[in-house]
Structure formats: structure tokens, C-alpha cells
Amino acid sequence: MTLLCNMDPARAAAFAEAFGRVLPDDIPLSFDAASVDPDDVRYLLSWLMPEDIDRYTNLEIMFSTGAGIDQFPFDRLPSNVKLVRMVEDGIIRMMQEYVALSVLMLHRNFIHYKEHQNKALWQPIPQPQTAERRVGVLGLGVLGQAVLDRLAPFGFELSGWSRSAKSIPGITCLSGNDGFAQLIATSDILICLLPLTEETAGLIDARIFSQMPKGASLVQVGRGAQLDHQSLLDALDQDRLSAAVIDVTEPEPLPADHPFWSHPRIMLTPHIASVTQPSTAAMAVSDNIRRHLQGQDLIGLVDRNRNY
Ligand code: NDP
Ligand code: OXD
């Protein structure tokens, strides 16, 4: 009943230590696909799906090291194998930090002040109060709800959009096409925390930017392929949009001559909003294995019909 972990040696050392503290003794742990008996592998933890997935004929759960699972080709994963995305405290806390920092930075015009600094320009910008700033989040899942929770004490007007209708105290919850149009039209700062699926690929495009309030900003932390780069550049250069914080791009990394690197009103980070933390991730995986063995629901089980 082995748990096989597929990761580089530096990560493996940290995960080995973390699993050593929480994985039940009767579940052997391996980091070496070459030496493990493939028939023993019941659980597999990996960022990507191994090319030779079919050799693990007794595999029961494929655990993603990341919260996103768009990098897993569903058609190659045997239908009896469950796919579980990572739901762990480290990812959640880091995303809360990153988005809170980005929203405050955009709210207080830091990207513009950096531009002014580069021009030796000492010039205050009129400052709305948080209650006058509308923040909208695309995606009301684990991370979307967590960042809204972290933003709430600042006093922004908060909204979120999801596939299914929700009710969250203090948040205007929207769903469906009308809800999407309303969220876009009323977000001064728009945050994308959607999974990448056929429905969300290319979703943030020129049409969206033309419907957002003039001077709005974007925080893109979902997946790169959701954003049309040229539309963002056009919207910034025409002053429709005022600034953007971009953590995920397609491709990653961007080529050296990509305009995002040098755009004065784009803050670009190399897909680091959240990084899976071995100690809390090992707890999450161990807890899910225990749940599986006890016939309980798994946390983060991917619905293959929705692809997230
Ligand atoms: P969840 O699955 O918990 O939440 C996804 C949310 O998106 C749900 O609210 C879901 O709606 C909504 N959604 C999905 N598809 C649609 C659609 N077509 N229309 C409307 N709403 C939709 O995911 P997480 O919150 O855990 O993670 C979200 C994403 O964040 C990940 O998939 C990953 O891409 C990204 N991520 C980025 C990281 C980074 O470092 N930049 C780190 C970690 C994650 P409903 O609630 O109705 O199902
Ligand atoms: C994730 C990520 O999906 O880091 O966890 O992007």
C-alpha cells in the first residue's frame, strides 16, 4: 500500500521529514519510482501525471501537489483512479497574503507611485477610501473565499462569482452569465482565482476590459491561459485599465522580449503567489488517505465532469 512521491530531491527531503511525522507506519513511503514495486503503489503524489501512469495497476488515488489540476490529462488517468487536488493551509495562507498585498498595493496606487518615482515626480494621487473601492473575485472556491475573508476587515465592498449560487455573509455572491456581467462591471479591482478549464480559458479578454469600470485593475493568480496578453496591454496603454499584478502567464516563463517584463504598470511575479508547503501538505495527504481507508469523502476530490 505504498505512497509514491514524484518530486525533485530537494523537495523530497522536506516531504520525507513531514510525512515521517504524520503518515501512518503501515503505509510505506517511496520517492524512487525506479525501485518501487509498481503493484504496491496505491497512492501517488505528483505535480504532473507520470508518463508511465499505466504501470501502477493498483493505483487508487492520484494526489496533485498543487491546488490546480489542469496539468493532468484526464483522458490518460484510468477512470477508477480518483484525482485529488491539494487543499492545504500553506497554499491558502500564502494566497491570502499575495492577494491582500496586491489589492492594497493597487488601492494605494503603489504601481503609479513607482512610475512617478522613476520620473522623480512628487505628486499625490487622489485617494478613495476602502468603502469606495469595489473588489470582485472570480471563483468562490477554497482560495477565492479565503482571500475575501482576509480582505473583509479592510472595509472594501466585496463581491464574488462562481458556477453555483452561494451565500456568504458580507459578500455579494453572483453566478451565471448575468452575475458575471455584473461582477465585471462593478469591480474596481478584479481578482481571478478560477481553475483553468475549457470554460475559463481566454475568459479575460478585450470584451471584459471594455466592460470593467474605467481605471480598474487586475490581479491574475488563476492560470496563465485565462488571460489574453495583448488585450491587457491594449487596455493599459489606452488607460482603460490602470494597473495589473500578474503571477501566472502562458507560457511560463515568459520569453525575454515579452512586453510584460518592462511594462511600467504591470507587476509580474514568477508563479509564486502560493507554494505548496511540505508540512501542511503532508498532513492533508495523510488525512485524505485515512479518510479513504475509512470510506469517508476526500477533501479536494476532483469532479471529472467539471474538470476542477
Ligand atoms: P476550487 O475548485 O476550490 O474553486 C474554484 C472556484 O471557481 C469555484 O468557486 C467554482 O465554482 C469556480 N468556477 C470554476 N469554473 C467556473 C465557471 N466556468 N464559471 C464560474 N465559476 C467557476 O479551487 P481553488 O480555490 O482551490 O483554486 C483556484 C485556482 O487557483 C486553481 O485551480 C489554480 O489554477 C489557482 N492557483 C494558483 C496558484 C498560484 O500560485 N498562482 C496557487 C494555487 C492555486 P463552484 O464553487 O460553483 O464550483
Ligand atoms: C497550484 C499552484 O496550483 O501553485 O498549487 O499554482
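Scope of the values below: all heavy atoms of this structure, side chains included, with no hydrogens, waters or symmetry mates. All residue numbers refer to positions in the sequence shown, counting from 1. Counting starts at 1 for both ligands and their atoms, in listed order.
- In the displayed structure, Gln71 atom CD is contacted under 6.0 Å by more than 12 heavy atoms of other residues, nucleotides or ligands.
- For Arg207, there are no salt bridge (Lys or Arg N to Asp or Glu O under 4.0 Å) partners, not counting sequence neighbours.
- The protein heavy-atom contact nearest to atom 33 (C) of ligand 1 is Arg223 NH1, 3.6 Å.
- The closest approach between Thr197 and ligand 1 stays at or above 4.0 Å for every heavy atom of the residue.
- Residue, atom and distance of the protein heavy atom nearest to atom 41 (N) of ligand 1 are Asp247 OD2, 2.9 Å.
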Starting from the C-alpha separation in whole Å, work towards a yes-or-no answer on salt bridge (charged side-chain N to carboxylate O under 4.0 Å, His left out) for Arg265 and Glu115. CA-CA 8 Å; Arg265 281 184 285 126; Glu115 214 183 345; 3.8 Å; yes
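- Of the N or O atoms in Gly141, one or more lie within a sub-3.5 Å distance of an N or O in ligand 1.
- If you check which protein heavy atom lies closest to atom 35 (C) of ligand 1, you get Gly222 O, 3.6 Å.
- The aromatic rings of Phe19 and Phe15 lie tilted to each other, with the angle between the two planes from 30° to 60°.
- Under a 4.0 Å criterion applied to the non-hydrogen atoms of Val248, ligand 1 contributes the atoms 41 (N).
- The closest side-chain heavy-atom distance from Leu83 to Leu301 is not below 4.5 Å.
- With no hydrogens or angles considered, no side-chain donor-acceptor pair links Asp70 and Thr197 at under 3.5 Å.
- Of the protein's heavy atoms, Leu194 O, 3.8 Å lies nearest to atom 29 (C) of ligand 1.
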Output, in order, the C-alpha distance, side-chain angles, deciding distance and verdict of salt bridge (charged side-chain N to carboxylate O under 4.0 Å, His left out) for Arg290 and Asp287. CA-CA 5 Å; Arg290 182 189 58 73; Asp287 182 49; 2.6 Å; yes
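- Aromatic ring centroids of Phe154 and His107 lie 6.0 Å or more apart.
- In the candidate list Glu198, Arg85, Arg306, His271, Arg85 is nearest to atom 26 (O) of ligand 1, counting heavy atoms.
- Contacts between Val142 and ligand 1 below 4.0 angstrom, taking non-hydrogen atoms only, involve backbone and side chain alike.
- Near Lys166, meaning under 4.0 Å from any of its heavy atoms, are these atoms of ligand 1: 45 (P), 46 (O), 47 (O).
- With rounding to the nearest 0.5 Å, the separation of CZ in Phe209 from CG in Leu232 is 4.5 Å.
- When only non-hydrogen protein atoms are considered, atom 40 (O) of ligand 1 lies nearest to Ser274 N, 3.1 Å.
- For Met95, every heavy-atom contact with ligand 1 shorter than 4.0 Å involves the side chain, none the backbone.
- Asn109 and Gln127 share a donor-acceptor pair across their side chains, judged by distance under 3.5 Å alone.
- Residue Glu199 touches ligand 1 through its side chain alone, judged by heavy-atom distances below 4.0 Å.
- Counting heavy atoms of neighbouring residues, nucleotides and ligands inside a 6.0 Å radius, atom CZ of Arg108 does not exceed 12 of them.
- Residue contact check for ligand 1: Phe180 places no non-hydrogen atom closer than 4.0 Å to it.
- In terms of protein heavy-atom proximity, atom 11 (O) of ligand 1 is closest to Arg163 N, 3.2 Å.
- For Tyr98 and Thr269, the side-chain atoms include at least one donor-acceptor pair closer than 3.5 Å.
- Residues Leu29 and Cys5 are in side-chain contact: their nearest non-hydrogen atoms beyond the backbone lie under 4.5 Å apart.
- Contact annotation for Leu193 and ligand 1: heavy atoms of both the backbone and the side chain come within less than 4.0 Å of the ligand.
- Every atom of ligand 1 with a heavy atom of Val221 under 4.0 Å away is listed here by number and element: 35 (C), 36 (N), 37 (C), 38 (C), 39 (C), 41 (N).
- Looking only at distances, no side-chain donor or acceptor of Ser217 sits under 3.5 Å from a matching main-chain atom of Ile189.
- The shortest N/O to N/O separation between Gly66 and ligand 2 does not fall below 3.5 Å.
- The atoms of ligand 1 that sit less than 4.0 Å from any heavy atom of Gly68 are 31 (C), 32 (O), 33 (C).
- Atoms of ligand 2 lying under 4.0 Å from any heavy atom of Gly68, numbered from 1 in the order shown and given with element: 1 (C), 3 (O).
- Taking distance alone, with nitrogen or oxygen atoms compared against 3.5 Å, Ser164 approaches ligand 1 more closely than that limit.
- Using a 4.0 Å cut-off to heavy atoms of Ala67, the atoms of ligand 1 that qualify are 43 (C), 44 (C).
- Between Trp161 atom CH2 and Ile184 atom CD1 the span is 8.0 Å, to the nearest 0.5 Å.
- Remark: minimum distance from atom 5 (O) of ligand 2 to any protein heavy atom is reached at Ala67 N, 2.7 Å.
- Against a heavy-atom cut-off of under 4.0 Å, Ser274 is close to the following atoms of ligand 2: 4 (O).
- Hydrophobic clustering (side-chain heavy atoms under 4.5 Å, transitive across Ile, Leu, Val, Met, Phe, Trp, Tyr) keeps Leu174 apart from Ile191.
- Using a 4.0 Å cutoff on heavy atoms, Arg85 does not count as a contact of ligand 2.
- Looking at residues two or more places apart in sequence or on another chain, you find no salt bridge (Lys or Arg N to Asp or Glu O under 4.0 Å) involving Asp37.
- Each of the following atoms of ligand 1 lies closer than 4.0 Å to a heavy atom of Gly139: 6 (C), 7 (O), 9 (O).
- For the residue pair Gln230/Asp234, the side-chain donor-acceptor check at 3.5 Å is satisfied.
- Residue-level proximity to ligand 2 for Ala273 is absent, since no heavy atom of it falls below 4.0 angstrom.
- Nearest protein neighbour of atom 48 (O) of ligand 1, counting heavy atoms only, is Tyr308 OH, 2.5 Å.
- Residue His271 places at least one N or O, backbone or side chain, under 3.5 Å from an N or O of ligand 2.
- Ligand 2 places these atoms under 4.0 Å from at least one heavy atom of Arg223: 1 (C), 2 (C), 3 (O), 6 (O).
- Among protein heavy atoms, the minimum distance from atom 5 (C) of ligand 1 is reached at Pro195 CD, 3.6 Å.
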